[in-house]
Amino acid sequence: MGLWALTEGVEAVVREVGAKLAARRPAEPTPARTGEEAAARFAEIDGPAAAELRERLGSLRPDAGWLDDEFDGAVPTEGEWWLCDATDGAVQYLLGLPYWAVTATLVRDGRAVLAVVHAPELLGGRTYRAVLGGGAHLDGRPIAPLPRALGSAVAATSQPPTVAGDPVALRRAGESLAAMAGAVVAVRNLGPTALQVAQVGSGHLALFWEYGADAPNLLPGALVASEAGATVTDTAGAAWTAASDGFLAAAPGLHADAVRVLRNVD
């Protein structure tokens with residue numbers, strides 16, 4: 001099965017899983033007093049959804065392996081692997097907010113070749129999809145970044161889930177926020193990392209940057225953004241890979257300016 005034909009099936013699965021999760025999403029914040037209580041509540045919902053993704057996507061590509069969204073270790077550099085997250089944006093989901101997504105990415109030899117990012121409750125449901133070398137689409141329409149100057153840009157950023165254990169990434173996150181906030185109109189964190197990076201590709205955001213290792217969350221959005229025409233690199237402007245410790249996606253006309261803002265942080 002070709003990648004474009006496969007994408008149709010993947011999108012159908014992701015949409016169906018997303019609809020089930022949306023139906024179960026709490027209308028009010030989950031009353032969990034501790035992180036352990038929140039994690040237990042989340043597992044009740046996420047577990048069945050993740051199992052369904054694994055079963056159904058596995059049937060579409062039986063020879064591909066499976067990487068959990070919280071896998072520990074480097075992205076394999078050989079073979080095909082599914083990398084999926086049933087509820088990317090768990091914090092927002094448990095708080096009853098619509099800023100979460102279902103993501104499915106096919107990784108081949110360490111590189112994303114297919115990605116679907118579906119936000120079931122964002123503006124009635126938005127779906128990004130991309131195939132390596134085949135462009136990117138939002139709800140079936142081709143997308144591209146919008147040209148902007150840095151001074152008129154809205155930027156977004158986030159931090160990897162394990163950033164608390166990475167003092168270098170923590171320092172860079174703080175210093176880069178101060179630097180970028182003085183260079184753009186506004187800096188925001190709008191939820192799931194994959195979704196925010198994809199939104200650079202559709203022009204909803206001008207740029208997104210992050211420090212620290214975060215390949216599971218960055219790979220799907222990075223494929224969407226790059227296939228849409230955004231410039232995707234590490235924060236120094238070099239080629240980004242799943243092993244990089246910094247990430248930058250920006251509209252082509254302001255990418256160099258964003259690198260200059262971040263240069264002193266690196």
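The shortest distance between side-chain heavy atoms of L248 and F208 does not fall below 4.5 Å. The closest side-chain heavy-atom distance from F247 to V232 is below 4.5 Å. Residues R25 and E121 are in side-chain contact: their nearest non-hydrogen atoms beyond the backbone lie under 4.5 Å apart. A 4.5 Å side-chain heavy-atom check between R108 and L3 finds at least one atom pair inside the cut-off. Between D214 and P161, the closest side-chain pair of non-hydrogen atoms falls below 4.5 Å. V224 places none of its side-chain heavy atoms less than 4.5 Å from the side chain of V200. Between V184 and V154, the closest side-chain pair of non-hydrogen atoms is not below 4.5 Å. Between L132 and L114 there is no side-chain heavy-atom pair separated by less than 4.5 Å.
Side chain of E52 to backbone of V17: no donor-acceptor contact under 3.5 angstrom is found. Of the possible donor and acceptor atoms, one in the side chain of Y93 sits under 3.5 Å from a partner among the backbone N and O of L21. Without hydrogens or angle criteria, E227 side chain to G135 main chain gives a donor-acceptor distance under 3.5 Å. Within the 3.5 Å criterion, the main-chain N or O of L97 finds no donor-acceptor partner in the side chain of Q92. The backbone N or O of E210 sits nowhere less than 3.5 Å from a side-chain atom of Q159 that would complete a donor-acceptor pair. A distance-only check finds a donor-acceptor pair linking the side chain of Q196 to the backbone of L190 [under 3.5 Å]. With S244 contributing its side chain and W240 its backbone, the two residues share no donor-acceptor pair below 3.5 Å. Checking side-chain atoms of D139 against main-chain N and O of R141 turns up no donor-acceptor pair under 3.5 Å. Judged by distance alone, with hydrogens and angles left aside, the side-chain atoms of D109 form a donor-acceptor pair with the main-chain N or O of G79 at under 3.5 Å.
Applying the side chain to side chain contact (heavy atoms under 4.5 Å, CB included) rule to D245 yields the partners R172; only residues at least two apart in sequence or on another chain are considered. Residues that satisfy the salt bridge (Lys or Arg N to Asp or Glu O under 4.0 Å) test with R24, not counting sequence neighbours, are absent from this structure.
Ion pairing between a basic and an acidic side chain is recognised when a charged N comes within 4.0 Å of a carboxylate O; E37 and R41 show no such pairing.
Across A104 and L57, no two heavy atoms sit closer than the pair CB-CD1, 3.9 Å. Of all heavy-atom pairs spanning L53 and C84, the tightest one is CD1-CB, 4.1 Å. When all heavy atoms are compared, the tightest approach of A194 to P220 is CB-CG, 3.8 Å. Minimum heavy-atom separation, A50 to A86: N-CB, 3.8 Å. When all heavy atoms are compared, the tightest approach of G110 to A242 is O-CB, 4.4 Å. Across L207 and A250, no two heavy atoms sit closer than the pair CB-CB, 3.7 Å.
W100 and V117 end up in different hydrophobic clusters when Ile, Leu, Val, Met, Phe, Trp and Tyr side chains are linked at under 4.5 Å. Hydrophobic clustering (side-chain heavy atoms under 4.5 Å, transitive across Ile, Leu, Val, Met, Phe, Trp, Tyr) keeps L205 apart from L123. Hydrophobic clustering of Ile, Leu, Val, Met, Phe, Trp and Tyr side chains at less than 4.5 Å, counting indirect connections, unites L223 with V14. Residues V131 and L60 are members of one and the same hydrophobic cluster, defined by side-chain heavy-atom contacts under 4.5 angstrom among Ile, Leu, Val, Met, Phe, Trp and Tyr. The cluster map of Ile, Leu, Val, Met, Phe, Trp and Tyr, joined by side-chain heavy atoms under 4.5 Å apart, puts V113 and V116 in the same cluster.
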Steps toward salt bridge (Lys or Arg N to Asp or Glu O under 4.0 Å) verdict (R15, E11):
CA-CA 6 Å; R15 282 177 170 272; E11 181 174 337; 3.0 Å; yes
Side chain to side chain contact (heavy atoms under 4.5 Å, CB included), that's the test. Do T157 and N189 meet it? Break it down for me.
CA-CA 6 Å; T157 189; N189 185 331; 5.5 Å; no
Apply side chain to side chain contact (heavy atoms under 4.5 Å, CB included) to the pair D63 and E80, showing each step before the final yes or no.
CA-CA 8 Å; D63 293 334; E80 284 192 345; 5.9 Å; no
From CA spacing to verdict: side chain to side chain contact (heavy atoms under 4.5 Å, CB included), R61, W82:
CA-CA 9 Å; R61 201 77 162 183; W82 284 114; 3.6 Å; yes
Would D46 and T87 count as a side-chain hydrogen bond (donor to acceptor under 3.5 Å, both in side chains) if you check the C-alpha gap in whole Å, the side-chain angles of each, and the deciding distance to 0.1 Å?
CA-CA 6 Å; D46 181 77; T87 40; 2.5 Å; yes
Derivation and outcome, side-chain hydrogen bond (donor to acceptor under 3.5 Å, both in side chains), residues S176 and Y211
CA-CA 9 Å; S176 65; Y211 287 97; 5.0 Å; no
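The structure places CG of L150 at 9.0 Å from CZ of R260, a figure rounded to the nearest 0.5 Å. Rounded to the nearest 0.5 angstrom, L106 CG and L219 CG are separated by 11.0 Å. The CG atom of D85 lies 4.5 Å from the OG1 atom of T103; values are rounded to the nearest 0.5 Å. Put simply, CG on L195 and CG on N217 are 11.5 Å apart, with the number rounded to the nearest 0.5 Å.
Listed by chain and number, the hydrophobic cluster partners of L170 are V163, where partners are ILVMFWY side chains within reach of under 4.5 Å, directly or through others.
For E44, the CD atom counts as densely surrounded, since its 6.0 Å shell holds more than 12 non-hydrogen atoms of other residues, nucleotides or ligands. Around atom CZ of R111, no more than 12 heavy atoms belonging to other residues, nucleotides or ligands sit under 6.0 Å away.
Between W209 and H255, the distance separating the two ring centers is not shorter than 6.0 angstrom.
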